[in-house]
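What follows is a short report on a single structure.
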Amino acid sequence: MAMEKTFDAATAESRLFNAWEQAGCFTAGANAKPEASSYCIMIPPPNVTGVLHMGHAFNNTLQDILIRWKRMQGFDTLWQPGCDHAGIATQMVVERELANTQQPSRAEMGREAFLEKVWDWKGKSGGTIINQLKRLGASADFSRTAFTMSGAPGAPADEADGNFHDAVIKVFVEMYNKGLIYRGKRLVNWDPHFETAISDLEVENIETPGHMWHFKYPLAGGATYTYVEKDEDGNVTLEETRDYISIATTRPETMLGDGAVAVHPSDERYAPIVGKLVEIPVGPKEHRRLIPIITDEYPDKDFGSGAVKITGAHDFNDYQVAKRGGIPMYRLMDTKGAMRADGAPYAEEAAKAQAHAKGAEFTENEIDAINLVPEELRGLDRFEARKAVVEQITSEGLAVMITETQTVKDDDGNETEVSQIVPFVENKPIMQPFGDRSKVVIEPMLTDQWFVDAEKVVGPALDAVKDGTVKILPESGEKTYYHWLENIEPWCISRQLWWGHQIPVWYFPGRNKDGSVGDPDGAYDGPLAICASDTKELAAIVKERFNGAIFTEISSDFSAPDNNPMDAFMTNSLLGTNEDYSSLVGFRDPDVLDTWFSSGLWPIGTLGWPNDTQEMATYFPTSTLITGQDILFFWVARMMMMQLAVVDQVPFDTVYLHGLVRDAKGKKMSKSTGNVVDPLDIVDEYGADALRFTNAAMASLGGVLKLDMKRIEGYRNFVTKLWQASSYGDNVIDAFSAERDADAPKATLPLNRWIIGEIAKLREEVDSAFDAFRFNDAANALYAFFWNTFCARYLEFTKPIFHGDDQAAKDETQAVYAWAIDQSLILMHPIMPFVTEEIWNVTDGRGIETGDASKMLIHADWPTYKAADLVDAEAEAEMNWVIAVIDNVRSARAQVNVPAGAQVPMVVTQIDAAGKAYWDRNEALIKRFARIDSLTEMDEAPKGSIAIAAPGASFGLPLAEIIDVAKEKARLEKTLGKLAKELGGLRGRLNNPKFADSAPAEVIAETRANLAAREEEEAKIKEAFERLAEIA
RNA sequence: GGGCGAUUAGCUCAGUGGUAGAGCACUUCGUUGACAUCGAAGGGGUCACAAGUUCGAACCUUGUAUCGCCCA
């Protein structure tokens, strides 16, 4: 059947994809050879609320290239797709939908009903991004699409069969029992909008306009000191008596929770007052707290006044200082970021804090219970409180004042300078943390959270990369990996959300034997906590531990009416004071696990662990992970730690990291800049193959990814080129009618022997590029081969054969042409699956219409032939000679303005035996493409000829009457100039005795051969130049 | 401030010690029967700078400058 004029990507893509999917081409193990090794890629699970963006398109193109390549090679492949449940993002999406459809809010409907809504939403809309991947041609095993919440309680029937939930819970319980997970009070990123802790990854630090206020903290009891400032040379520039220390802050509202003022130990200005007490200048005057001046390495002497207030509960740096110095950390805000309104009146609370400062013992929880917000600020939003605090301090005269001079114009236009004393407030940009979803300012907050003790599990993850078990590409990624893991922090894994894996820990509040609040064990001041994988296991633990006590659970949804954790407290406390419990009432921790905790188990969780599955046996450890370098820490490192901690094996052997896809100028794509490119728009306009080829060509190791539309257009043209060359084979030379074979046809013509060898070289190049994850090298090799070698040379050179009457030559060339196209399609298929499959199909009706997967290109055998076997050096030398003659003639003609269409005569003055043979065999071809009508042998070229030098031969075009002699002279002079430069370099090297001594023999031989060739060329051109000089 | 990286043709980028490359853009020419989403022929680079190692450096070392990214 004749090929259409052009490739219609829009209709072909969906038709081909459906045919592949229906024929089961993507399923695990499809096209595997018997006894094949396995090759597995885990998709980095996109967010279930996500839509496809360029980053996904790039990332998944690379994965698909590798999978298709390995699948064609006969490996037992699995590309495992799926999504993560994205706790915060999904809750946000569903809550927004509830609001838009006038349904009750999350809080109104309660936890259980809300989760039902989430599952409904997931069923309706959760598959968006996975379906979008199909538009790219992604050949993942969609029948295995996984979800990090599958199998969770409350999951609908179609999500209940997965067991990701079991895996997550089992890992938590095991790590808890091994002491790798603990609960504690620690500073976390708190999102006041969603009222949950969030991970560092979900925080965006953005520079925003802010203010730096300067306040005076008076020394206690009116004490004074001499404050001295010196310049670089030690000269005194300021000396005065002060009764205060000056503090600079961007967050005055946190002053209420200050625990100390810190200065650098080497700061001489404050040395006299270190250890003294200062008064926090806010709050009711009669209850002002006193805090100490301490030393710490953290303050920067040159920043602000050099003195820093320490608010351990609301700042990450201060937290470290407070921990080092044993400074109390007072929490000032509630979960919404408003100033606390709980607790006793301020006077009472301030007294507690002062008592603690003087040495009274308080537990962590007791300190946390202290509310140091004065009555008039309680309940205010933090930004409102900030204004109020600034106002209070300023009105009390405790702001640092400066003189500001302004020029003012009066009504008559006279300018006068007016000075006034104003509070010192610097307007300056400050880095502020924002929640990436909520867009509100993140509040560092001291809260109770669950943590993985990362330090205890980091060792094996470090070793696996250090000893080469796992490779990270590009190599610089390994350095970053070490740096982070060697300085690892505890990992906060609890989130105050409803959508997620609920933490499998139950609390049993009660009363200690001495009557104090505590757990039924009487062990410590928190409630008793028991970790178990489910309530059945929990009941067994309770029964055994408390002499046969029955376990009764109350709901942990304390937002529900009539449900209060105090119920459990009351019930348990009524149960007597000895160990004879008959029943214990507990509730489950309401928090859920960080989504990354489940994503961290993606490799084993998707393969069915903890069950002993065939997939685990076959595909784990997996092979290659391709992901963005921005989640090296958050995901890659955690997968390493968790898989090693849980199954004692690395999750993959190679990690390929890539950067962010940017616009053509290198700017980040963002909605606000308006430079976002939708990959599906590109697919619509240029076809998926063009986008994929662009992605591959951009993917140099460690390279920056700049997406340029011009480039996509160029690769769309390449798709067309491939189509046209195939259509020439089909419609013009009828190459595809005969039977063909995977092996190269027998060929006698040098042209055909040559292209077979070129294909073999290409196959090696493509394989070694893919092996080394150099997708760009593979793409460039394919592009250069097909455009410059196959189309510009081979295809053109077949024309004289089909215009001639040598039937044997025609038959052979048809066979070789068809084979070369087939091989090109195979080698290009991983990068451009659609157009290649379509051509494969229409040139032989193979597979797509019949649904026979074994005849589709996607399951064709990847070739293994070697250049060493298929390259014919003789044929190669001959074709290179022919090409050199044609190129030289064309170039010379163009430069001296011989009309391109003119047929001209040529003379040969000298030619060696090889050259003669080459000429004789390729005369028709050379004449056609060099536009030569005759060749005459002469001893000497006619005066005024154009000189053509070829290896072993000298030609001339006797066109004295047509050409511009001056131009020809200029051309030859230019060539001689270039040659002279090259010759100089080559002779310089060869004449240097040290070069002969130190350089490898092959380099010397190569240099000599090169010199000889250049010298021959120079001699010919000089001769021609002299001949030309004779006539002009 | 700490860590990682970059600087090569007008633009976007390859190039891990042996004659500086590609694509795009540019100039000139072209309705020769695969293809104008094309063809032919060209121009264009002190490889950021400086010093060093080497027979030989875009490439290795050190420093400087500028620019990114990540973490504070």
Side-chain angles (χ1 to χ4, degrees), chain A residues 3 5-7 200 205 298 300 303 316-317 320 431 474-484 487 629-630 632-633 659-660 662 664-666 668 686 690 694 697-698 700-711 713-733 774 776-777 779-781 783-784 787-788 791-792 795-796 798-799 802-803 886-887 890-901 903 928-929 931 971 978 981-986 988-1000 1002-1004 1006-1007 1010-1011 1013-1014:
Chain A
M3 284 178 71
K5 189 99 177 111
T6 52
F7 174 57
D200 297 353
N205 288 299
Y298 164 62
D300 178 352
F303 191 80
F316 284 95
N317 290 312
Q320 295 300 334
M431 288 299 271
E475 220 176 305
S476 63
E478 295 188 353
K479 286 188 196 170
T480 317
Y481 179 87
Y482 297 144
H483 185 253
W484 190 70
N487 299 288
Q629 59 202 182
D630 51 336
L632 173 64
F633 310 143
L660 217 62
R662 297 156 182 286
K665 297 213 172 86
K668 268 189 194 176
Y686 298 99
T694 308
M698 282 200 296
S700 64
L701 271 175
V704 182
L705 307 175
K706 295 186 192 172
L707 186 72
D708 189 347
M709 286 304 154
K710 299 293 289 183
R711 219 166 161 189
E713 198 183 314
Y715 292 126
R716 189 270 321 268
N717 296 350
F718 183 60
V719 170
T720 305
K721 193 81 179 170
L722 175 61
W723 185 267
Q724 297 299 348
S726 305
S727 124
Y728 167 83
D730 197 21
N731 300 334
V732 181
I733 66 170
R774 294 179 174 271
N776 59 318
D777 285 354
N780 289 335
Y783 185 98
W787 203 301
N788 302 330
C791 291
L795 185 153
E796 292 295 333
T798 63
K799 288 176 181 173
F802 289 100
H803 287 118
I886 293 171
D887 283 359
R890 282 175 163 187
S891 174
R893 289 170 57 123
Q895 285 181 62
V896 296
N897 297 342
V898 176
Q903 294 280 349
R928 178 186 174 97
F929 292 103
R931 310 229 117 218
R971 179 180 80 92
K978 274 189 194 163
K981 208 174 143 192
E982 278 183 54
L983 284 165
L986 291 168
R989 274 202 280 163
L990 286 165
N991 291 340
N992 184 339
K994 287 186 180 168
F995 177 69
D997 289 348
S998 344
E1002 58 192 40
V1003 170
I1004 297 176
E1006 200 181 305
T1007 310
N1010 211 338
L1011 179 66
R1014 297 291 110 162

Query raised in the report: C1' atom, B/rG1 versus B/rA57: distance in rounded Å?
Result: 34 Å
Report summary line: Rounded to the nearest 0.5 angstrom, the CZ-CD1 distance for A/R931 and A/I886 is 12.0 Å
**Report entry** N/O donor-acceptor pair under 3.5 Å between A/S998 side chain and A/K994 backbone
**Finding:** yes
Query - G-U wobble or Watson-Crick pairing nucleotide for B/rC47 (cut-off 3.5 Å, both distances) - result: none
Query raised in the report: With rounding to whole Å, what would you report as the distance between B/rG44 and B/rC60 at their P atoms?
Result: 29 Å
**Report entry** For B/rG30, the Watson-Crick or wobble counterpart (both distances under 3.5 Å)
**Finding:** B/rC38
Requested in this report: Would you kindly give the NZ-to-C1' distance between A/K978 and B/rG44, to the nearest whole Å?
Outcome: 11 Å
Requested in this report: Report the base-pairing partner of B/rG17 (Watson-Crick or G-U wobble, both distances below 3.5 angstrom), or none.
Outcome: none
Query raised in the report: Reckon A/N897 touches a base, only the sugar-phosphate, or nothing at all at heavy-atom distances under 4.0 Å?
Result: nothing
Report summary line: Taken to the nearest whole Å, CG/A/N776 to P/B/rU12 is 18 Å
Report task. Encode nucleotides 17-22 of chain B as B, S and - characters from 5' to 3', where the letter depends on protein heavy atoms closer than 4.0 Å: B to the base, S only to sugar-phosphate, - to neither. Result -> -BB---
Query raised in the report: Between atom CG in A/L701 and atom P in B/rC59, what is the gap in whole Å?
Result: 21 Å
Query raised in the report: Roughly how many Å is it from CE in A/M709 to P in B/rU12, rounded to a whole number?
Result: 16 Å
**Report entry** Opposite nucleotide pairing with B/rU7, Watson-Crick or G-U, both atom distances under 3.5 Å
**Finding:** B/rA65
Query raised in the report: With a 6.0 Å cut-off on ring centres, are A/Y715 and A/Y783 close enough?
Result: yes
Query - Donor-acceptor contact present, side-chain A/Q724 to main-chain A/K5, <3.5 Å - result: yes
Query - Side chain proximity check, A/L990 to A/F995, heavy atoms < 4.5 angstrom - result: yes
Requested in this report: Quote, to the nearest angstrom, the P distance that separates B/rC26 from B/rA65.
Outcome: 39 Å
Query - Separation of atom CZ in A/F633 from atom P in B/rC4, rounded to whole Å - result: 12 Å
Query raised in the report: How far, in whole Å, is B/rA48 from B/rU8 if one measures between their C1' atoms?
Result: 10 Å
Query raised in the report: Quantified in whole Å, what is the C1' atom distance between nucleotide B/rU27 and nucleotide B/rC35?
Result: 24 Å
Report task. To the nearest Å, give me how far apart CD (A/Q629) and P (B/rC69) are. Result -> 12 Å
Query raised in the report: Is a side-chain N or O of A/R893 found less than 3.5 angstrom from the main chain of A/P899, in a donor-acceptor match?
Result: yes
Query raised in the report: Could you write nucleotides 33-42 of chain B as a row of B, S and -, 5' to 3', where a protein heavy atom under 4.0 Å of any base atom gives B, of only sugar-phosphate atoms gives S, and otherwise -?
Result: BBB-BSSSSS
Query raised in the report: Can you tell me if CD on A/E796 sees more than 12 non-hydrogen neighbours from other groups inside 6.0 Å?
Result: yes
Report summary line: pair_partner(B/rA22), Watson-Crick or wobble, both distances < 3.5 Å, evaluates to B/rU12
Report task. Among the candidates B/rA14, B/rG15, B/rC4, find the nucleotide nearest to the side-chain atoms of A/T480. Result -> B/rC4
Requested in this report: On RNA chain B, check which nucleotide each of A/R711 and A/F316 is closest to and give me the residue with the more 5' one.
Outcome: A/R711
Report task. Report yes if a side-chain nitrogen or oxygen of A/K710 is closer than 4.0 Å to either non-bridging phosphate oxygen (OP1 or OP2) of B/rC11; otherwise report no. Result -> no
Query raised in the report: Whole-Å distance between B/rA72 P and A/W484 CH2?
Result: 11 Å
Report task. Output yes when a side-chain donor or acceptor of A/D730 lies under 3.5 Å from a complementary backbone atom of A/S726, and no otherwise. Result -> no
**Report entry** Heavy-atom side-chain contact between A/L632 and A/W484 under 4.5 Å
**Finding:** no
**Report entry** Separation of the P atoms in B/rA58 and B/rC4, to the nearest angstrom
**Finding:** 26 Å
Query - Nearest-Å distance once atom P is located in both B/rU61 and B/rU53 - result: 15 Å
Query - For atom CG of A/D708 and atom C1' of B/rC11, their distance in whole Å - result: 8 Å
**Report entry** Whole-Å P distance, B/rG10 and B/rG56
**Finding:** 30 Å
Report task. Could you grab the distance from atom OG1 of A/T694 to atom CD of A/E713, nearest 0.5 Å is fine? Result -> 10.5 Å
Requested in this report: Could you list the residues that satisfy side chain to side chain contact (heavy atoms under 4.5 Å, CB included) with A/P1000, not counting sequence neighbours?
Outcome: A/E1002, A/V1003
Requested in this report: Identify the nucleotide, in any strand shown, that forms a Watson-Crick or G-U wobble pair with B/rG52, with both distances under 3.5 Å; if there is none, say none.
Outcome: B/rC60
